Amino acid sequence: MTDRLTELKENLERVRRSIADACTTAGRSPDEVTLVAITKTFPLDDVRALAALGVTDVGENREQELKAKAPEAQDLDVTWHFVGQLQSKKARSVVRYADVVHSVDRLSLVTALSRAASSESRSIRCLLQVSLEEYGPGSAGGSRGGVEPGDVPALADAVAAAEGLELGGVMAVAPLGGDPAKAFDGLASVAARLRSDHPGADWISAGMSEDLEAAITRGATHVRLGRALLGTRPVLG
Ligand SMILES: *Cc1c(COP(=O)(O)O)cnc(C)c1O
């Protein structure tokens with residue numbers, strides 16, 4: 001085993017233990033939580049190594065990186081997630097390579113994704129990225145994107161009605177400098193309301209390396225882990 005494979009294996013074991021511990025605390029089964037490995041800035045070899053270690057879901061936050069890696073990994077049995085802010089003009093490329101888009105936050109993007117998915121004959125699971133800025137310290141952190149909670153129902157209806165798209169649930173990033181527990185409580189209510197309108201939209205993508213436990217105790221079905229799994233990222237511009 002190479003050093004890197006050993007390192008990833010150990011990280012993965014540690015992360016799986018953290019997920020299992022958080023599930024125990026929350027009285028949930030670890031089967032209810034999918035680990036999405038966020039491989040941004042890391043090479044394709046790491047994606048291959050993670051897949052060999054049993055990781056089934058990987059994610060990228062930039063279209064360029066997704067487009068570079070995913071086609072080279074078609075032999076792997078992994079689901080690709082796109083988790084970054086998305087410009088409408090990049091929708092076609094993302095739809096080609098990603099199976100799930102976590103960052104749907106506006107009507108114009110729904111239109112672009114639907115058009116692209118239809119013409120590529122793809123079906124894309126879409127999560128609505130919800131802004132949790134109201135749980136943050138205000139201007140200090142800056143916006144991390146997302147639709148305001150009050151605008152979720154209308155956006156959800158648009159996705160549910162769009163050709164080529166499937167409404168999957170919600171996604172959020174805890175506000176910088178805020179209490180992730182409070183923010184994820186807020187997300188859980190948004191998710192509950194969404195499920196009452198759209199019962200199949202039951203995914204909650206929340207929790208990163210720093211706030212995994214807070215997310216799992218508040219119902220996260222998908223945790224997006226980068227650094228905890230792959231190590232420190234080089235600083236990018
Ligand atoms: C980078 C990224 C993650 C992973 O963050 P870590 O802190 O490295 O675990 C999760 N979600 C999104 C949207 C990201 O861009």
Side-chain angles (χ1 to χ4, degrees), residues 7-8 10-19 21-22 33-43 46-47 49-50 55-70 78-87 90 94 97-106 109 113 124-133 135-136 141-147 168-181 183-184 187 191 203-216 218-237:
E7 183 185 359
L8 290 175
E10 287 170 4
N11 289 351
L12 182 61
E13 282 166 1
R14 191 166 15 79
V15 159
R16 292 233 189 265
R17 263 198 309 277
S18 308
I19 293 174
D21 288 348
V33 180
T34 301
L35 165 63
V36 184
I38 306 297
T39 50
K40 64 188 184 198
T41 77
F42 291 98
D46 282 353
V47 176
L50 289 170
V55 169
T56 55
D57 292 76
V58 295
E60 290 291 336
N61 77 331
R62 291 177 191 227
E63 175 264 345
Q64 265 187 312
E65 230 185 314
L66 175 73
K67 177 168 77 176
K69 284 182 200 162
V78 293
T79 299
W80 285 88
H81 298 248
F82 186 79
V83 302
Q85 295 205 353
L86 179 54
Q87 292 173 275
K90 304 280 175 67
V94 164
Y97 303 115
D99 308 292
V100 186
V101 175
H102 290 228
S103 44
V104 177
D105 60 357
R106 59 195 190 278
L109 183 58
L113 285 168
I124 304 296
R125 193 160 173 98
C126 292
L127 308 184
L128 307 184
Q129 183 175 352
V130 180
S131 169
L132 299 177
E133 285 314 308
Y135 303 98
S143 173
R144 309 194 82 178
V147 58
V170 294
M171 175 271 213
V173 180
L176 284 170
D179 176 0
F184 292 145
L187 182 65
W203 288 12
I204 302 178
S205 165
M208 299 168 44
S209 295
E210 313 271 281
D211 50 29
L212 179 69
E213 182 173 320
I216 288 179
R218 286 158 189 84
T221 62
H222 291 69
V223 293
R224 308 179 308 270
L225 300 183
R227 289 166 298 165
L229 203 49
L230 290 133
T232 315
R233 279 186 291 276
V235 179
L236 290 190

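First listed ligand is number 1; within each ligand, the first listed atom is number 1. Nothing fancy with the numbering, it's 1 onward along the sequence. In this text the structure is predicted, and so the values were computed from the model without any measurement.
Taking 4.5 Å as the limit, some side-chain heavy atom of Arg125 sits within range of a side-chain heavy atom of Trp203. For the pair Leu12 and Leu35, the minimum side-chain heavy-atom distance is below 4.5 Å.
Residues Arg227 and Thr232 approach most closely at CG-CA, 4.5 Å, considering heavy atoms. The two atoms that bring Val15 and Ala228 nearest to each other are CG2-O, 3.7 Å, heavy atoms only.
Proximity to Leu225 (heavy-atom distance under 4.0 Å) selects the following atoms of ligand 1: 9 (O).
Ring geometry for His222 against His102 counts as perpendicular: the plane angle is over 60°, on a 0 to 90° scale with 30° as the lower cut.
Among protein heavy atoms, the minimum distance from atom 13 (C) of ligand 1 is reached at Val83 O, 3.4 Å. Residue, atom and distance of the protein heavy atom nearest to atom 11 (N) of ligand 1 are Arg224 NE, 2.9 Å. Closest to atom 7 (O) of ligand 1, if we only count protein heavy atoms, is Arg227 NH2, 2.6 Å.
For atom 9 (O) of ligand 1, the candidate residues are Ala172, Ala206, Ser209; the nearest heavy-atom contact is made by Ser209. With distances taken over non-hydrogen atoms, the option nearest atom 14 (C) of ligand 1 out of Met208, His102, Lys40 is Lys40.
A donor-acceptor contact shorter than 3.5 Å is absent between the side chain of Asn61 and the backbone of Val83.
With a 4.0 Å heavy-atom cut-off, ligand 1 is reached by the side chain of Asn61 but not by its N, CA, C or O. At a heavy-atom distance under 4.0 Å, only side-chain atoms of Arg233, from C-beta outward, approach ligand 1.
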